[in-house]
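Fair warning: this is a prediction, and the values are worked out from it, not measured in the lab. The basis for the numbers below is simple: all heavy atoms, side chains too, and nothing from hydrogens, waters or symmetry mates. We number each residue from 1, following the sequence as shown.
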Amino acid sequence: EYPIFAPIPKVSEIALINEPLLTGVTMMDVLAPMGKGQNMLIVGSDHQQLQGYTRSLLKTQLEAGTICVYASTSTLENRQSGVEYLSTAPCNDEVSHAAEAVVKAAEACALAEKCALQGKDALVVVDTVDSHKNLWDCTTRVLLEEFGTEAVVQGDINGAASSEMRAFFSTLVQRAGHFNSKKGGGSVSILLIATLPETDSEDTEFTIDDFSDANEKIRERIQLLSDKMIPLTASTLRKIQIPVPSVSEGKRRLALQHLEDLHSMTDGMIWLDEERHYDPPLDPQRSVTRIGIGADTKSRADAPALRKMEGLRLALSQAESMQGAEETPATM
């Protein structure tokens, strides 16, 4: 028996992260390497695509002898042999569904921790961390309806990350760790899938009336564009950094804000961008791991064979910006 909602590991119980947990995708292992005992986000707009990359990770780690637990809120079409699945059946009640998903994620961590205390390496994939945010938002609405604004901190009302919400997410995120020899010597690694709402089409066109709720400065800029007969498309608005006035864009901005808050609690993030057409569509600027930073630690999450490719991030960034692409140097 092992408690589902166990406390996060203490500092005195963990050791340095010094062994990679390979995903099987070279670009991810170079730009955002994941170590055994680390917690990571994988972010994108296409949930099926995100599941596909996590399956690659599961396959790679199963072959390496890692214990894998997949906490899913939906039924996967292709279940892999050797993976233990914790599934949540579809539920019409949003609150009940979110609550059950939170329990399933905690149960998956409990199974992994029990293996780690026996000296084994375990990997937990949480199919979506979005359910945790849904549950938090639902409970916030209940508190507001029953007890008013005094029962809820201001951060939760305006969508910011309050200390209470950070503590709530930490009970899941920080259950990852590499236990020291006194605690068995095993590890729990956690990969959390986070899905972003898709953006509006670049060709979507808006009118001046769509900006009636915007501040005066934005309305003046919109009027200027309209006077010059420039179409108010989503593409144009993004280029001049004017918020796109649509429900989907509003949801996306809130989701991005939440991801920034969540990222600050994790060891790193793998970011897949829908506008990139290569495989994987990884954003080299947003994808990063924190393990190994600092001169006073010997922690490394990357594999020794991949360390010679450390210049890949800069090369990709330069290729995307196309700096100097049209110029040919006269001399070398």
Go through Trp271 and Gln285 one step at a time and tell me if the side-chain contact (heavy atoms from CB on, under 4.5 Å) criterion holds. CA-CA 9 Å; Trp271 191 292; Gln285 300 298 324; over 6 Å; no
Dump the intermediate steps for side-chain contact (heavy atoms from CB on, under 4.5 Å) on Leu117 and Tyr2, then the final yes or no. CA-CA 11 Å; Leu117 294 175; Tyr2 193 86; 3.7 Å; yes
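- Using a 4.5 Å cut-off between side-chain heavy atoms of Ile, Leu, Val, Met, Phe, Trp and Tyr, with links allowed through other members, Ile14 and Val188 fall into different hydrophobic clusters.
- Side chain of Ser287 to backbone of Leu31: no donor-acceptor contact under 3.5 angstrom is found.
- Distance CG/Leu225 to CD1/Ile208: 9.5 Å, rounded to 0.5 Å.
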From CA spacing to verdict: side-chain contact (heavy atoms from CB on, under 4.5 Å), Leu224, Lys228: CA-CA 6 Å; Leu224 182 62; Lys228 293 185 177 182; 4.0 Å; yes
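- The one candidate from Asp267, Thr266, Thr289 that meets the side-chain hydrogen bond (donor to acceptor under 3.5 Å, both in side chains) condition with Gln38 is Thr289.
- When Ile42, Val125, Leu172 are each tested for a side-chain contact (heavy atoms from CB on, under 4.5 Å) with Leu192, only one passes: Leu172.
- Of all heavy-atom pairs spanning Gly35 and Ile17, the tightest one is CA-CG2, 3.8 Å.
- Side-chain polar atoms of Asp130 and Thr128 form a donor-acceptor pair below 3.5 angstrom.
- Residues Ala98 and Ser131 approach most closely at CB-O, 3.6 Å, considering heavy atoms.
- Going from atom CE of Met40 over to atom OG of Ser189 covers 10.5 Å, rounded to the nearest 0.5 Å.
- Hydrophobic clustering (ILVMFWY, side-chain heavy atoms < 4.5 Å, transitive): Ile8 and Leu123 are in distinct clusters.
- A distance of 15.0 Å separates CD1 of Ile270 from CZ of Arg286, quoted to the nearest 0.5 Å.
- When every heavy atom of Gly37 is checked against every heavy atom of Ser187, the shortest pair comes out as N-CB, 3.9 Å.
- Pro280 and Leu272 make their closest contact through CB-CD2, 4.4 Å (heavy atoms, listed as atom of the first residue, atom of the second, distance).
- Remark: side-chain polar atoms of Ser226 are not paired, donor with acceptor, to backbone N or O of Ile222 under 3.5 angstrom.
- Atoms CE and OG, on Met165 and Ser170 in that order, are 10.0 Å from each other to the nearest 0.5 Å.
- Under the 4.5 Å side-chain heavy-atom criterion for grouping Ile, Leu, Val, Met, Phe, Trp and Tyr, Met265 is connected to Val124 within one hydrophobic cluster.
- Here the rule is side-chain contact (heavy atoms from CB on, under 4.5 Å) with Gln61, and of Thr23, Asp121, Thr66 only Thr66 fits it.
- Checked against salt bridge (Lys or Arg N to Asp or Glu O under 4.0 Å), Lys114 has no partners two or more places apart in sequence or in another chain.
- Neither Leu191 nor Ile67 shares a network with the other; the hydrophobic side chains, linked directly or stepwise wherever heavy atoms of I, L, V, M, F, W or Y lie under 4.5 Å apart, form separate groups for each.
- Nearest heavy-atom pair across Pro3 and Ala110 is O-CB, 3.6 Å.
- For the atom pair CZ (Phe179) and NZ (Lys10), the distance works out to 11.5 Å, reported to the nearest 0.5 Å.
- Salt-bridge check for Arg175 with Glu113: passed, with a basic side-chain N closer than 4.0 Å to an acidic carboxylate O.
- Donor-acceptor pairing under 3.5 Å is lacking for the side chains of Gln174 and Asn39.
- Looking at His178, its side chain does come within 3.5 Å of a backbone N or O of Leu16 through a donor-acceptor pair.
- Of the possible donor and acceptor atoms, one in the side chain of Asn180 sits under 3.5 Å from a partner among the backbone N and O of Ser12.
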Candidate pair Gln51 and Asp127, rule side-chain hydrogen bond (donor to acceptor under 3.5 Å, both in side chains), full reasoning: CA-CA 8 Å; Gln51 285 182 321; Asp127 187 65; 2.9 Å; yes
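- The local environment of CD in Glu216 is sparse, with at most 12 non-hydrogen atoms from other residues, nucleotides or ligands closer than 6.0 Å.
- What you find for Thr236 and Pro231 is that their closest heavy atoms are OG1-O, 3.6 Å.
- Atom NE2 of His132 and atom CG of Leu262 lie 10.0 Å apart (nearest 0.5 Å).
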